[in-house]
Amino acid sequence: MGASVPASPEILLTILLFAMSCLWAFPEVAGAKHAGITRHYKFNIELTNVTRLCHTKSMVTVNGKFPGPRVVAREGDRLVVKVVNHVPNNISIHWHGIRQLQSGWADGPAYITQCPIQTNQTYVYNFTITGQRGTLFWHAHLSWLRASVYGPLIILPKRNVSYPFAKPHKEVTIMLGEWFNADTEAVISQALQTGGGPNVSEAYTFNGLPGPLYNCSENNTYKLKVKPGKTYLLRLINAALNDDLFFSIANHTFTVVEVDATYAKPFETNLLVITAGQTTNVLLKAKPIAPNASFYMLARPYFTGQGTFDNTTVAGILEYETSSNSTAFKPTLPPINATNVVANFTRRLRSLANSRFPVNVPQTADKKFFFTVGLGNSPCPKNQTCQGPNGTKFSASVNNISMALPSSALLQSYFFKKSNGVYTSDFPSFPLHPFNYTGTPPNNTLVANGTKLVVVPFNTSVEVVMQGTRIFGAESHPLHLHGFNFYVVGEGFGNFDPNNDPKNFNLVDPVERNTVGVPTAGWVAIRFHADNPGVWFMHCHFDVHLSWGLRMAWIVLDGTLPSQKLPPPPSDLPKC
């Protein structure tokens with residue numbers, strides 16, 4: 001081989017200019033070791049034939065998959081998801097639990113941050129994942145389409161950043177969902193028309209599979225194969241439409257390490273409670289020697305209300321790779337209405353709150369709100385027979401206001417200062433007509449309808465006490481807040497006592513989440529910093545209650561710095 005020739009200054013200059021142009025064209029490459037990269041996904045919204053329980057139906061899916069495709073990113077990455085709508089239904093996609101800092105246009109709830117994506121239309125969701133890592137999920141956010149349009153959103157830590165626990169042998173995602181033989185759009189349409197409760201699902205599912213406890217479902221069973229002595233990280237997501245769920249695996253215990261993509265103080269349990277819209281990460285340590293047995297994993301609902309519900313159980317099977325599986329063990333799940341079991345579980349949850357993952361709990365609150373959440377009713381239209389309470393229509397409300405969705409998007413109306421006729425800014429901070437919330441309901445249970453929003457200045461420290469009621473039955477309500485994580489500083493049964501209950505608030509290491517169950521006939525208190533300008537939805541994650549109006553929205557005003565202001569909308573934002 002000949003001797004190498006030194007590069008001329010002209011060649012070196014050309015190489016340098018080329019390298020600089022690459023960094024300019026692809027800025028994410030420049031800081032790849034420290035900053036994130038851009039990841040592109042394409043979601044084709046399409047009708048797909050799916051068969052479960054010997055029943056085939058055409059349903060809305062993403063890329064023909066049920067559940068939908070897994071989206072994976074690292075903390076600091078940018079996600080660019082092109083959604084193309086090929087179905088007759090309007091659609092929008094919500095990235096459940098993503099903070100959407102300065103990217104509220106990408107949050108996804110229809111008529112809140114965007115108009116829906118209409119047939120043959122396209123919208124690109126473009127956002128950066130800032131300061132978050134863990135298990136979240138994405139789902140449709142219009143009507144009941146999320147029954148089939150949902151999938152995992154897995155955020156890994158930055159490169160070379162470890163978990164605050166030993167690295168697991170393998171990571172496994174288990175999505176809890178529901179299967180309806182009927183078209184879910186027809187189910188909720190009929191319920192809203194008649195004013196009665198909707199028909200319930202036929203089955204619950206693990207990753208879309210109902211399992212062997214249902215008829216004609218033996219071949220649609222989720223199986224998890226494990227190796228003796230190995231530790232598995234299970235990423236559990238409750239994507240069910242209308243149900244909180246108990247989850248357990250026979251003869252095995254879990255170590256809870258994360259909820260709603262925030263690290264938690266580890267604790268052991270053989271039972272998980274996951275409300276609709278929540279995620280839970282657990283470590284599962286397989287037995288050191290493979291037993292000659294298999295082990296059922298089961299999930300079934302927690303329910304205390306008065307209506308009908310899907311009282312069935314989904315089963316999957318945990319198998320050891322080297323065992324003969326001659327015997328199958330089943331776990332024992334609590335009674336359907338085991339409210340104390342739920343309370344005992346949720347009270348064990350605490351933020352990790354260490355030097356690597358500190359908490360930032362508001363020690364005081366600039367603004368305090370007290371919201372009642374629960375059911376109510378609306379008058380039956382003339383010349384119509386209604387199937388709700390006493391011939392009326394079921395409704396649901398926050399502070400007795402059942403939110404009417406506008407015909408245009410709230411965020412656009414706010415940003416372009418065109419709120420007139422779209423919304424008002426006078427949502428009540430407290431109930432206008434107080435009553436004994438968890439005692440005998442008042443005689444008048446009719447709700448008011450309106451599109452009223454709460455307005456708070458940038459960086460306000462906010463406290464919200466959400467109080468359940470007994471109107472038409474006492475039940476848990478999973479409340480989800482878009483655009484923020486919050487700290488659950490207190491909870492209890494009965495009516496909230498503003499004089500004594502705050503004395504027991506946990507302001508040291510409260511659990512941080514994006515969805516919290518308001519206890520049955522009880523209350524929960526949350527705090528958060530309103531540090532994200534925009535319009536943010538807060539609603540019950542039972543889609544039936546969401547459809548009935550158990551929803552409201554916050555406006556967080558811009559701050560003074562450019563980094564504290566909502567930028568203009570993207571050019572391809574859908575129009576109503």
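In what follows, residues are counted from 1 in the order of the sequence shown. Please read all numbers here as calculations on a predicted model, not as lab measurements.
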How long is the gap from CD1 on Ile336 to OG1 on Thr313, to the nearest 0.5 Å? 6.5 Å

Can you confirm whether Leu271 sits close enough to Phe246 that some side-chain heavy atom of one is under 4.5 Å from a side-chain heavy atom of the other? yes

Hey, are the side chains of Ser162 and Lys167 touching, using non-hydrogen atoms and a 4.5 Å cut-off? no

Nearest 0.5 Å please: distance from the CD atom of Gln100 over to the OG1 atom of Thr130. 9.5 Å

Using every non-hydrogen atom in the two residues, find where Pro533 and Asp558 come nearest and quote the distance to one decimal. CB-OD1, 3.3 Å

Any donor-acceptor pair under 3.5 Å linking the side-chain atoms of Thr520 with those of Tyr302? yes

Verify, without hydrogens or angle tests, whether Ser425 (side chain) and Val455 (backbone) share a donor-acceptor contact under 3.5 angstrom. no

Which atom pair, heavy atoms only, marks the closest approach of Ser395 to Trp548? OG-O, 3.3 Å

Only one of His96, His94, His482 clears ring pair (Phe, Tyr, Trp, His ring centres under 6.0 Å) with His541; which? His96

More than 12 non-hydrogen atoms from neighbouring residues, nucleotides or ligands closer than 6.0 Å to CG on Asn311, yes or no? yes

Could you go through the side-chain contact (heavy atoms from CB on, under 4.5 Å) check for Arg527 and Leu507 one step at a time? CA-CA 9 Å; Arg527 285 188 181 178; Leu507 304 179; 3.6 Å; yes

Apply side chain to side chain donor-acceptor pair (under 3.5 Å) to the pair Tyr125 and Gln114, showing each step before the final yes or no. CA-CA 11 Å; Tyr125 292 92; Gln114 67 168 91; 2.7 Å; yes

Validation row: Val454, Phe369 side chains within 4.5 angstrom (heavy atoms): yes

Start with the C-alpha distance between Val462 and Asp366, add both sets of side-chain angles, then the distance that settles side-chain contact (heavy atoms from CB on, under 4.5 Å), and finish with yes or no. CA-CA 6 Å; Val462 176; Asp366 300 327; over 6 Å; no

Audit row: Asp310, Thr312, side chain to side chain donor-acceptor pair (under 3.5 Å) steps and yes/no: CA-CA 6 Å; Asp310 180 353; Thr312 64; 2.6 Å; yes

Side chains of Asp509 and Ser351, donor plus acceptor under 3.5 Å: no

Donor-acceptor pair, side chain of Asp501 and main chain of Pro498, under 3.5 angstrom: no

Regarding Asn377 and Thr445, is there a side-chain donor-to-acceptor distance under 3.5 Å anywhere? yes

Quick one: does Tyr423's side chain get under 4.5 Å of Ile555's, heavy atoms only? yes

Would the distance check show the side chain of Asn400 and the main-chain N or O of Leu446 forming a donor-acceptor pair, the cut-off being under 3.5 Å? yes

If you apply the rule side chain to side chain donor-acceptor pair (under 3.5 Å), what do you find for Trp105 with Thr113, and how did you get there? CA-CA 6 Å; Trp105 305 104; Thr113 58; over 6 Å; no

For the atom pair OG (Ser248) and CG (Leu298), what is the distance rounded to the nearest 0.5 Å? 7.5 Å

Step through it carefully: locate the ring centre of Phe427, locate the ring centre of Phe371, and say whether they are under 6.0 Å apart. yes

Looking only at side chains, do Thr262 and Glu512 share a donor and an acceptor under 3.5 Å apart? no

Would you check if Val282 and Val257 make a side-chain contact, meaning some heavy-atom pair closer than 4.5 Å? no

Donor-acceptor pair, Thr275 side chain versus Asp244 backbone, under 3.5 Å? no

So, for Phe247 and Phe206, is the gap between ring centers shorter than 6.0 Å? yes

Aromatic ring pairing His545/His477, orientation class (parallel under 30°, perpendicular over 60°, tilted between): tilted

Has the side chain of Arg133 got a donor or acceptor atom that lies under 3.5 Å from a matching backbone atom of Glu75? no

Would you indicate whether the side-chain heavy atoms of Leu411 and Leu566 approach each other to under 4.5 Å? yes

Test item: Gln278 side-chain N/O and Ile274 main-chain N/O as donor-acceptor pair under 3.5 Å: no

Heavy-atom closest pair (Trp523 atom, Val518 atom, distance to 0.1 Å) is CA-CG1, 4.5 Å

With a 3.5 Å distance limit and no angle check, can you tell me whether Asp243 reaches the backbone of Leu245 through a side-chain donor-acceptor pair? no

Do any side-chain atoms of residues 428-443 form donor-acceptor pairs under 3.5 angstrom with protein atoms, and if so which ones, sequence neighbours left out?
{"residue": "Asn436", "atom": "OD1", "partner": "Gly439", "partner atom": "N", "Å": "3.3"}
{"residue": "Asn436", "atom": "OD1", "partner": "Asn495", "partner atom": "ND2", "Å": "2.8"}
{"residue": "Thr438", "atom": "OG1", "partner": "Asn495", "partner atom": "OD1", "Å": "2.7"}

Electrostatic pair Asp531:Arg99 at N-O distance under 4.0 angstrom: yes

Indicate whether the side chain of Thr135 and that of Asn281 have a donor and an acceptor atom separated by less than 3.5 Å. yes

So does Val361 get a backbone contact from the side chain of Gln363, meaning a donor-acceptor N/O pair under 3.5 Å? yes

Should the pair Glu491-Arg347 be classified as a salt bridge under the 4.0 Å nitrogen-to-oxygen rule? yes

More than 12 heavy atoms of other residues, nucleotides or ligands under 6.0 Å from CG of Asn500: yes or no? yes

Does Thr392 use its side chain to pair, donor to acceptor, with the backbone of Gly388 at less than 3.5 Å? no

From CD1 (Ile174) to OG1 (Thr279), nearest 0.5 Å: 13.0 Å

Between Asn270 and His252, is any side-chain donor less than 3.5 angstrom from a side-chain acceptor? no

Non-hydrogen atoms of Ser461 and His529 that approach each other most closely: CB-ND1, 4.2 Å

Is the closest side-chain donor-acceptor distance between Asp426 and Thr424 under 3.5 Å? yes

Between Ser397 and Leu550, is there a donor-acceptor pair closer than 3.5 Å when you use the side chain of the first and the backbone of the second? no

Looking at side-chain heavy atoms only, is the closest gap between Leu410 and Leu453 below 4.5 Å? yes

Please walk me through it: do Ser547 and Ile188 pass side-chain contact (heavy atoms from CB on, under 4.5 Å)? CA-CA 8 Å; Ser547 302; Ile188 184 55; 3.7 Å; yes

Check whether any side-chain heavy atom of Leu479 sits under 4.5 Å from a side-chain heavy atom of Met538, and report yes or no. yes

Taking all non-hydrogen atoms of both residues, which atom of Ile526 and which atom of Val516 are closest, and how far apart? CG2-CG1, 4.3 Å

Over 60° means perpendicular and under 30° means parallel, so tell me whether Trp138 and Trp95 are parallel, tilted or perpendicular. tilted

Measuring centre to centre across the rings, with the benzene-like ring taken for any Trp, is His480 within less than 6.0 Å of Phe537? no

Which value, rounded to the nearest 0.5 Å, describes the distance between Arg513 atom CZ and Leu481 atom CG? 13.5 Å

Go through Val524 and Val465 one step at a time and tell me if the side-chain contact (heavy atoms from CB on, under 4.5 Å) criterion holds. CA-CA 6 Å; Val524 66; Val465 175; over 6 Å; no

Quick one: CZ on Phe528 to CG on Asn360, what's the gap to the nearest 0.5 Å? 13.5 Å

How are the rings of Tyr263 and Phe357 set relative to one another: parallel (under 30°), tilted (30 to 60°) or perpendicular (over 60°)? perpendicular

